[in-house]
Every structure is written in structure tokens, then in C-alpha cells.
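Report on the structure given below.
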Amino acid sequence: MTPSHTEPLPRFPFEAATALEPPAEWAEFREKCPVARVALASGDEATLITRYDDVKSVLSDPRFTRPTPADNAARVADTESGGVFNSEMATVLPQHGEEHLKWRRLLGKWFTAKRMNALRPGMAAMAEQLLDEMVAKGAPADLKAGLAFPLPVWVICDMLGVPDADRDRFAHWSDVMLSMTRYTQAEFDAAQAEFGRYMGAHIAAKRAEPGEDILSALIAEGVDWSDATLTATGIGLLIAGHETTANMIAKMTAMLLADRSRWEQLLADPSLVRTAVEEALRADANAGVGMLRYLSEDFEVGGTVLPGGTTAMCSMAAANRDERAFENAAEIDLTRSPNPHLAFGAGAHACLGQPLARTELQVVLEVLLRKLPSLELAVPADELRRVEGLAVGGLRELPVRW
């Protein structure tokens with residue numbers, strides 16, 4: 001499995017035969033080479049980690065964090081700077097220790113279960129409105145464009161106090177900044193600068209006239225963050241708050257419709273919505289690249305000592321299909337509980353917005369089952385097309401009828 005120094009390294013992320021199936025290499029690497037040298041889109045070398053316990057131990061270790069440009073780490077993207085993970089924005093936000101914990105604590109107050117429950121009625125009403133508009137236009141329809149993309153954008157725009165009407169600009173900037181192979185360095189720099197100017201102007205407006213939103217609250221609380229930190233926080237929340245969830249809504253729906261018995265099971269017992277959402281997150285075979293960690297010192301994982309200076313690529317999606325952690329891991333079981341998947345990461349850098357993502361996924365699924373019980377794919381599942389060239393995985397569109 002481990003290539004000799006003369007052979008080219010396996011290219012990661014691996015290609016899969018269809019949009020909903022995992023690459024064959026995940027199982028192969030988990031079994032034979034759980035700590036493996038691979039080449040990223042940039043051509044840089046990283047160490048790929050695919051087993052559940054190993055991925056969890058690297059992500060949970062407080063010593064290691066996302067690479068910064070000072071680390072000379074492997075770059076994800078094929079551009080000169082290496083993409084969003086090595087960007088100016090990433091360096092502004094605190095990545096370590098007490099400063100990072102303080103940043104998370106201040107933002108975490110906006111993502112509590114209580115706040116999420118308060119948002120549910122508004123989310124459900126918006127989902128119903130979007131579905132009514134989609135149904136009025138007739139079948140077949142693209143569920144991604146009609147529901148999966150606009151709903152999370154509307155929610156995160158509302159939380160940040162930015163106009164939902166600008167959502168197409170956010171989508172473009174996010175795509176460019178999440179690019180691995182799709183955009184040039186010049187396009188990346190332009191998108192980052194435009195997004196930065198936009199968010200900077202928005203923060204200036206909030207200082208002058210606060211609203212009922214996260215950024216106004218942070219300013220009102222007198223946090224000693226620079227405008228650069230506030231701008232990077234706003235951009236980070238906007239990208240994370242819509243791109244991943246929009247993709248996951250479409251992928252979850254596709255997974256449930258690809259095998260009609262799953263959809264029928266939920267129609268028969270809607271109380272399974274919560275466990276179905278968790279299982280869709282676990283079984284996501286098209287989750288994107290994974291999470292990078294820069295090892296600042298020697299670290300043993302999976303029986304291998306990785307030297308300091310290694311860039312570890314943690315594949316949470318491969319880990320989520322590890323038979324050592326999940327019985328019948330290759331099967332989608334909508335009743336699976338407990339389900340300690342790693343879709344949101346683990347440790348100090350686990351996804352801050354996971355309560356929001358879970359709430360949106362649950363609400364969308366509840367509304368879909370109630371309003372469109374006859375929903376079905378309008379193309380065979382193996383003809384669904386992946387999003388290519390971005391650090392996040394998704395479907396280009398989700399053709400459905402009812």
C-alpha cells in the first residue's frame with residue numbers, strides 16, 4: 001500500500017464511481033494502510049488518517065490545530081497560497097489556547113439548543129414557502145436550487161444581519177474561497193478582498209446602527225476584537241453556515257430517496273427524523289476533503305510515529321465507515337443510536353455551528369415528509385453529479401419530482 005519513493009503518491013481526495021458511493025480506497029486504506037502518505041491537489045504531501053480512533057485522537061489533541069502559513073504545511077488547493085485554510089482570513093482568527101476558547105465561547109452562545117429551538121418555527125415556515133414556490137413551478141425541479149441552498153443562506157444571513165438578497169454573491173465568494181482546483185490564485189485573492197470589503201462595510205454599519213444579530217451583539221458586548229477579527233468571523237460563519245449545510249440537505253435527501261424503503265420508513269415513523277439525520281451525516285460518502293492538522297511535535301497514531309512538521313489529513317468520512325466503531329458500517333440504518341460520528345470533527349475545533357446544522361436538517365426533513373410524501377428522484381441515483389474541485393463535497397443539483 002505505501003508507495004516506494006519512486007512511485008507517485010496516491011492523489012487525495014480519491015475519486016468515487018458515483019456521487020453517493022464512497023471511494024473504494026477508504027476501506028482499502030483503513031484495512032491495509034491506516035496512516036498513509038498521499039498527495040493533495042496542490043501536489044504537496046500529507047499523511048492521510050482513515051480509522052475512527054486515529055482520526056478522533058488527532059482531532060482531539062489540543063496541541064495540534066489547523067496549519068497556519070508560518071507552518072510550511074501541505075496546502076490543500078493548487079493555488080500558490082493553498083486556499084482558504086492557508087488564507088489571510090484563517091490567520092486572523094485565534095487558533096490556539098485561551099484566545100481560541102474565548103472566541104468559541106462568545107460565538108457558542110448563539111448556537112445553544114435553546115436558541116436553535118426558538119429558530120425552528122421560522123425555519124419551518126421558510127422551508128414551506130420555498131417548497132410551495134418550487135411546487136408551483138412544476139416538476140421536475142432542482143431541490144438544491146429550490147430549497148437546500150436558499151434555506152441555510154436565509155438563516156445565516158438573518159443571524160448575521162446581512163441582506164439575503166446578496167446570497168448569490170456570497171455563494172460565488174464561498175465557492176472561490178473553498179476551491180481546491182477550480183479557481184486561480186488571482187480569482188481567490190479577488191474573492192477574499194471583495195468579501196472582506198463587503199463584511200468590513202457591514203461591520204461599520206453595525207457599529208453605527210446595531211441590530212438583533214451576532215455581529216451587533218459582539219460589538220455591543222465590547223469584545224476587544226479588531227475589525228479584521230470581526231470580518232473574518234463574519235466571513236467564516238457565512239461560508240460555513242450555508243455551504244456545508246446546503247450541500248448536506250441535498251445529499252441527505254438523495255440518500256433517503258436513492259433507496260425508497262428509507263423514505264417509506266420515515267413516512268411511517270416521522271419520529272425517526274433525528275436518528276435519520278445523524279445517520280445521513282455519518283454515511284455521507286461525499287463529504288469533501290476532511291480536516292487538516294499540523295503536527296507541531298512527534299505524535300504516535302495507529303502504531304506509526306509521525307514526526308513534527310507532518311501535515312495530517314483526517315478523513316472523518318472514511319472514519320465514519322470504520323467497522324471497528326460502527327456495526328454494519330456500510331449499511332444506512334435510520335434507527336442507529338448511539339451514533340458518535342465525526343462529521344462535525346472532534347475536540348477544540350469541532351464545528352461550532354453543529355446545533356444549527358442539525359436543526360436545519362431536521363426541520364427540512366420534517367417539512368419534506370409532511371408536504372411532499374410522494375417525493376422521488378427524477379434521475380437514477382448513479383446519475384447524480386458531484387460538485388468537483390471544492391474542499392466541501394456536494395451535488396451539483398438534485399433533480400426531483402413528486
Side-chain angles (χ1 to χ4, degrees), residues 66 84-85 87-95 98-123 125-126 129 149-178 188-246 349 351-357 359-360:
R66 298 184 191 97
V84 71
F85 302 107
S87 69
E88 185 185 308
M89 187 187 94
T91 60
V92 169
L93 298 176
Q95 299 285 348
E98 192 50 46
E99 279 302 301
H100 176 71
L101 289 173
K102 180 183 169 189
W103 180 83
R104 282 185 71 96
R105 273 198 304 271
L106 282 165
L107 284 179
K109 290 191 287 190
W110 286 83
F111 297 98
T112 61
K114 188 179 175 185
R115 276 190 188 268
M116 294 305 106
N117 281 329
L119 292 177
R120 272 179 182 268
M123 281 182 200
M126 188 57 168
Q129 182 187 322
F149 172 65
L151 179 78
V153 175
W154 174 78
V155 173
I156 198 68
C157 285
D158 192 52
M159 290 178 78
L160 290 169
V162 298
D164 179 46
D166 290 332
R167 67 186 183 205
D168 289 338
R169 293 163 78 189
F170 303 146
H172 171 69
W173 292 331
S174 297
D175 277 359
V176 179
M177 291 181 71
L178 289 167
F188 180 92
D189 292 343
Q192 182 170 254
E194 285 166 21
F195 212 163
R197 278 196 297 273
Y198 178 95
M199 193 58 69
H202 179 63
I203 285 159
K206 289 297 171 189
R207 285 194 189 281
E209 204 172 317
E212 300 288 315
D213 58 89
I214 295 178
L215 295 169
S216 294
L218 290 171
I219 292 163
E221 283 177 30
V223 294
D224 55 349
W225 293 358
S226 65
D227 276 3
T229 302
L230 283 166
T231 298
T233 299
I235 289 174
L237 288 172
L238 250 178
I239 293 178
H242 87 265
E243 189 92 32
T244 48
T245 314
H349 288 267
C351 173
L352 190 69
Q354 55 184 294
L356 176 62
T359 305
E360 288 177 339

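Qualifying side chain to side chain donor-acceptor pair (under 3.5 Å) partners for Trp110, counting only residues two or more places apart in sequence or in other chains: none. Legend: residues meeting side-chain contact (heavy atoms from CB on, under 4.5 Å) with Thr244, ordered by chain and number and at least two apart, are Val392. Residues passing the side chain to side chain donor-acceptor pair (under 3.5 Å) test with Thr359: none are found, sequence neighbours excluded. In this structure, the side-chain contact (heavy atoms from CB on, under 4.5 Å) partners of Arg197, at least two apart in sequence or on a different chain, are Ala193, Glu194. Scanning for salt bridge (charged side-chain N to carboxylate O under 4.0 Å, His left out) contacts around Arg104 gives an empty result, with sequence neighbours left out. Taking the ring-ring contact (aromatic ring centres under 6.0 Å, His included) definition, one finds that His202 meets it with nothing, sequence neighbours left out. The side-chain contact (heavy atoms from CB on, under 4.5 Å) test applied to Gln129 returns Met126, Glu133, not counting sequence neighbours. In this structure Arg169 satisfies the salt bridge (charged side-chain N to carboxylate O under 4.0 Å, His left out) test together with Asp166, sequence neighbours excluded. In terms of the ring-ring contact (aromatic ring centres under 6.0 Å, His included) criterion, residue partners of Tyr198 (sequence neighbours excluded) are, by chain and number, Phe170, Trp173. Here His100 pairs with His349 under the ring-ring contact (aromatic ring centres under 6.0 Å, His included) rule; sequence neighbours left out. Partners of Thr112 according to the side chain to side chain donor-acceptor pair (under 3.5 Å) rule, which considers only residues two or more places apart in sequence or in another chain, do not exist here.
Residues Thr231 and Gly196 approach most closely at CG2-O, 3.7 Å, considering heavy atoms. Closest approach of Phe111 and Gly353 over heavy atoms only: CD2-CA, 4.0 Å. Closest non-hydrogen pair, Pro150 versus Arg167, comes out as CB-NH1, 3.6 Å. Closest approach of Ile156 to Leu237, counting heavy atoms only: CG1-O, 3.6 Å. Taking both residues in full, the closest heavy atoms of Glu243 and Leu178 are given as CG-CD1, 3.4 Å, listed atom of the first, atom of the second, then distance. For the pair His242 and Ser174, the tightest heavy-atom approach, listed with the atom from each and the gap, is CE1-OG, 3.0 Å.
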Task: Candidate pair Ile203 and Ile219, rule side chain to side chain contact (heavy atoms under 4.5 Å, CB included), full reasoning - done: CA-CA 9 Å; Ile203 285 159; Ile219 292 163; 4.2 Å; yes
Task: Derivation of the side chain to side chain contact (heavy atoms under 4.5 Å, CB included) call for Ile235 and Leu238 - done: CA-CA 5 Å; Ile235 289 174; Leu238 250 178; 5.8 Å; no
Open item on the list: Run the side chain to side chain contact (heavy atoms under 4.5 Å, CB included) test on Ile214 and Leu107 for me, step by step, so that the C-alpha distance in whole Å, both residues' side-chain angles and the decisive distance to 0.1 Å come before the verdict.
Closed with: CA-CA 8 Å; Ile214 295 178; Leu107 284 179; 4.0 Å; yes
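Within the 4.5 Å cutoff, side-chain heavy atoms of Ile239 are placed close to those of Phe195.
Listed by first and then second residue, the salt bridge (charged side-chain N to carboxylate O under 4.0 Å, His left out) pairs involving residues 105-114 are Glu98-Arg105, Lys109-Glu221 (not counting sequence neighbours).
At least one donor-acceptor pair closer than 3.5 Å links the side chain of Ser216 to the backbone N or O of Gly211.
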